[in-house]
Peer 1: 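My questions will all concern the structure given below.
Within every chain, numbering begins at 1; the chains are lettered A, B, ... in the order of the sequence lines, protein sequences first and strands thereafter.
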2 protein chains.
Amino acid sequence: MSLDPLSNTLFALADPTRRAILARLARGEATVNELAAPFEMSLPAVSKHLKVLERAKLISRSRNAQWRPCRLEPAPLKTLDGWLGDYRLLWEHRLDRLEDYLATLQIERDTKEERND
Amino acid sequence: MSLDPLSNTLFALADPTRRAILARLARGEATVNELAAPFEMSLPAVSKHLKVLERAKLISRSRNAQWRPCRLEPAPLKTLDGWLGDYRLLWEHRLDRLEDYLATLQIERDTKEERND
DNA sequence: CGGTTAATTAACTTGATGGCTAAATATAGG
DNA sequence: CCTATATTTAGCCATCAAGTTAATTAACCG
């Protein structure tokens, strides 16, 4: 079981079924049966996936009679986006901030023959 | 073993040790021993983490004498950023692009078994 | 050659994941 | 009350994840 929220988010997203469920929920609330319909797996299996998503706070659930509509909660995705932002300049060519980084990398590469630690 | 590249990326990132390794590599190449130093776990454990990162193509490795310097490869992070971008307007209030957004999500839902590794 | 350092592989343990079927719970409605 | 529908829980199983220690490979150096 993951400890920190970011690990929890990433783990929950690291499954195509769960990402497909999120994609469906991005269009609006849906019940468990509606969410399970596109998949070949059993309903309890989908229920488990939903529990993983709920644990990661990527979805929330309300109650309406015997239905438990699920709703997408974007907060963890926003957090993930923030984490990714720290690395974004690695692939964006933003020279203002990238130059120092690349220079450091180049130095590392050039001094590889002198490495002795 | 994950099937599609995005699941592979997310799974590799869903571990604090592996994310810490990436954070270290963002500052430049490093050997396995250098990467293992901050952690209390054994060297083989770190080696396994590196293999996971390598399988996800988040790092690449070269050879220099008995050292195997690791290097961060940002491509999968960029892909993840692209995937996340489909959801970005859920927390940014940009409903003007909602149609494109929904279309993209529909594509994501349909591509259940992508494997273009 | 022999020894040291770097890193991986092998073998094993522990616990979690992801799937199933069958049973249980909750609610609506006749 | 009884039944149908929606969903979860309970067992069960196979596989995998993440760590360990011990052994192995690979390369340098005196």
Peer 1: Encode nucleotides 25-30 of chain C as B, S and - characters from 5' to 3', where the letter depends on protein heavy atoms closer than 4.0 Å: B to the base, S only to sugar-phosphate, - to neither.
Peer 2: -SBS--
Peer 1: In whole angstrom, give the distance that lies between atom CG of A:L43 and atom P of C:dT21.
Peer 2: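 Whole-Å distance recorded here is 12 Å.
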Peer 1: Is a side-chain donor or acceptor of B:T9 paired with a backbone partner of B:P5 at a separation under 3.5 angstrom?
Peer 2: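 Between the backbone of B:P5 and the side chain of B:T9 there is a qualifying donor-acceptor contact (under 3.5 Å).
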Peer 1: Could you pick out which residue, B:L50 or A:D15, lies toward the 5' side of DNA chain C when each is mapped onto its nearest nucleotide?
Peer 2: B:L50
Peer 1: Nearest whole angstrom, please: distance from the P of C:dG15 to the CZ of A:F11.
Peer 2: 17 Å
Peer 1: Counting heavy atoms from C-beta on, name the nucleotide in D:dT8, D:dA18, C:dT21 closest to the side chain of A:V32.
Peer 2: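 So the side chain of A:V32 is nearest to D:dT8.
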Peer 1: Does any non-hydrogen side-chain atom of B:H49 lie less than 4.5 Å from one of B:F39?
Peer 2: no
Peer 1: Got a second to check how far B:L80's CG is from A:L10's CG, nearest 0.5 Å?
Peer 2: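 Taking CG in B:L80 and CG in A:L10, the distance rounds to 7.5 Å.
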Peer 1: Between B:T31 and B:E34, which heavy-atom pair has the shortest distance, and what is it?
Peer 2: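 Shortest heavy-atom contact: N-OE1, 2.9 Å.
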Peer 1: Could you please name the option among D:dT7, D:dT20, C:dC20 that lies closest to any side-chain atom of B:S42?
Peer 2: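 So the nucleotide nearest the side chain must be D:dT20.
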Peer 1: CZ of B:R61 versus P of C:dA6: gap in Å, rounded?
Peer 2: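 Interatomic distance, CZ of B:R61 to P of C:dA6: 15 Å.
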Peer 1: For residues B:L58 and B:P76, report the shortest heavy-atom separation together with the two atoms involved.
Peer 2: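 For B:L58 versus B:P76, the nearest heavy atoms are CD2-CB, 3.8 Å.
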Peer 1: Is there a side-chain contact between A:D81 and B:D81 in this structure, where contact means two heavy atoms from C-beta onward sitting under 4.5 Å apart?
Peer 2: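 The answer is yes; the side chains approach within 4.5 Å.
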Peer 1: Calculate the interatomic distance between B:M41 atom CE and D:dA17 atom P; express it in whole Å.
Peer 2: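 After rounding, the reported distance stands at 16 Å.
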Peer 1: Within this structure, what is the CG-to-C1' distance between A:N8 and C:dT17, rounded to whole angstrom?
Peer 2: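 Going from CG in A:N8 over to C1' in C:dT17 covers 14 Å.
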Peer 1: Let me know the distance between CZ of B:R55 and C1' of C:dT8, rounded to the nearest Å.
Peer 2: 17 Å
Peer 1: Hey, is the main chain of B:L13 close enough, under 3.5 Å, to the side chain of B:R19 for a donor-acceptor pair?
Peer 2: yes
Peer 1: Figure out the CD/P separation between A:E34 and D:dT5, and round it to whole Å.
Peer 2: 16 Å
Peer 1: Under 3.5 Å, which protein N or O atoms sit close to an N or O of nucleotides 9-12 of chain C? Give each pair with its distance.
Peer 2:
unit_1, atom_1, unit_2, atom_2, d
C:dT9, OP2, B:K51, NZ, 3.1

Peer 1: Determine: side-chain N/O of B:N33 to OP1/OP2 of C:dT5, distance under 4.0 Å, yes or no.
Peer 2: no
Peer 1: Could you check whether B:T17 gets within reach of a base, just the sugar-phosphate, or nothing at all, counting any heavy atom under 4.0 Å?
Peer 2: nothing
Peer 1: Working to the nearest 0.5 angstrom, can you tell me the gap between A:W83 CH2 and B:L84 CG?
Peer 2: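 CG of B:L84 is found 11.0 Å from CH2 of A:W83.
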Peer 1: Short question: side chain of A:R68, backbone of A:R61 - any donor-acceptor pair under 3.5 Å?
Peer 2: no
Peer 1: Quick one: B:H49 NE2 to C:dA7 C1', roughly how many Å, whole number?
Peer 2: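 B:H49 atom NE2 is separated from C:dA7 atom C1' by 16 Å.
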